[in-house]
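To start, the structure under review is shown below, and the notes come after it.
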Amino acid sequence: MTGTLPPSAGVIGWPVAHSKSPMIHRFWLGKLGLDGDYGRFPVHPDRLGDAIRALPALGLRGVNVTVPHKVAVMAYLDRADAVAAAVGAVNCVLVADDGLAGTNTDVAGIVESLAGIAFGDAPAIVFGAGGAARAAIVALQQLGAGPITIMNRTVARGAALLADLGQTGDALPLDAPLPAAALVINATTMGMSGQPRLAPDLTRLRAGATVFDMVYAPLETPLLAVARAHGLRTIDGLAMLIGQAAAAFALFYGQPAPRQHDAELRALLIA
Ligand code: NAP
């Protein structure tokens, strides 16, 4: 029955006013000339189950899920795919004929961000041990990465994450010297506006190493500035933001996001 309605999706969070997802999805809908919509739904944690159960009746194709619901939402789904199960969090719920399905497109966003980077099975460093770090390690495992060093304020949390994902590597404090890695990913909140800086000594990284910062506000973080000063390859947080949204867009609207407009979209997102 919903097939006759314009395709609609949205984002659920608490708060959700800051979410860039409506801007991204509406941009792509406009470029494709699709008669569809993408809404913004503030959902209090106490009402999450009500909101998720109401998705089919509201005629929505699905929703993105953001803070603080990414883990809690799993209790209200009929199934979660292998990626969501590995990450332990869902950022995308799909309304299927046979129930509500969860996936995690952050992993696809990270894999896309790292596309074309030949780090092979060289050591990688992940700063952080929260949800984004977990997605980063799952993505690195998909890409066949080698040993991973987690550097985190709470070292025990880093060690637990490595063990939980069956990943070889060490957990170190933030002030430890960096190992000679070919890839560094910042999956902490450090570097965000108003948060502590992350600007480690990168001199021990391998020549030609890549530094990827998931933070996108600001876009040029202290970490990326240091990396650029060392002549290293850099990837900013908008690459992942747009990549994870593109994976969700294809699931919601049944066609690929029109990525030939990425430069215009990036300009819109940082305006
Ligand atoms: P999270 O689960 O809350 O984890 C936060 C991480 O940051 C933890 O490792 C935490 O260390 C560390 N941290 C927080 N405050 C710190 C401080 N003052 N000093 C040192 N470390 C601190 O958050 P998340 O969901 O993983 O998100 C992490 C970052 O990824 C955020 O900046 C988010 O915006 C970004 N992100 C970007 C995208 C994108 O599309 N670009 C997508 C998802 C997330 P402890 O373990 O010691 O607490």
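In this text the structure is predicted, and so the values were computed from the model without any measurement. One-based numbering, in listed order, for ligands and for the atoms of each.
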* Asked: Do the side chain of Arg40 and the main chain of Val16 share a donor and acceptor less than 3.5 angstrom apart?
  -> yes

* To do: Rounded to the nearest 0.5 Å, what's the gap from CG on Asp213 to CD1 on Ile185? Could you check?
  => 10.5 Å

* Closest contact, heavy atoms only, Asp236 versus Phe212 -> O-CE1, 3.8 Å

Name each N or O atom in ligand 1 that is under 3.5 Å from a protein N or O, and give the partner atom and the distance.
residue	atom	partner	partner atom	Å
ligand 1	2 (O)	Gly131	N	3.1
ligand 1	7 (O)	Thr189	N	3.3
ligand 1	9 (O)	Ala129	N	2.9
ligand 1	9 (O)	Asn152	OD1	2.7
ligand 1	11 (O)	Asn152	OD1	3.3
ligand 1	15 (N)	Thr189	OG1	3.3
ligand 1	18 (N)	Arg153	NH1	3.3
ligand 1	26 (O)	Gly131	N	3.1
ligand 1	26 (O)	Ala132	N	2.7
ligand 1	32 (O)	Thr188	O	3.3
ligand 1	40 (O)	Leu241	N	3.3
ligand 1	41 (N)	Met214	O	2.9
ligand 1	41 (N)	Gly237	O	3.0
ligand 1	46 (O)	Asn152	ND2	2.8
ligand 1	46 (O)	Arg157	NH1	2.7
ligand 1	47 (O)	Arg153	NE	3.1
ligand 1	47 (O)	Thr154	N	3.0
ligand 1	47 (O)	Thr154	OG1	2.5
ligand 1	48 (O)	Arg153	NH2	2.9

* **No-hydrogen, no-angle side-chain donor-acceptor test under 3.5 Å, Asp81 and Thr103** => yes

* Asked: Closest approach of Val93 and Phe252, non-hydrogen atoms and distance?
  -> O-CE2, 3.8 Å

* To do: Provide the closest heavy-atom pair for Gly88 versus Arg134 in the form atom of the first, atom of the second, distance.
  => N-NE, 4.2 Å

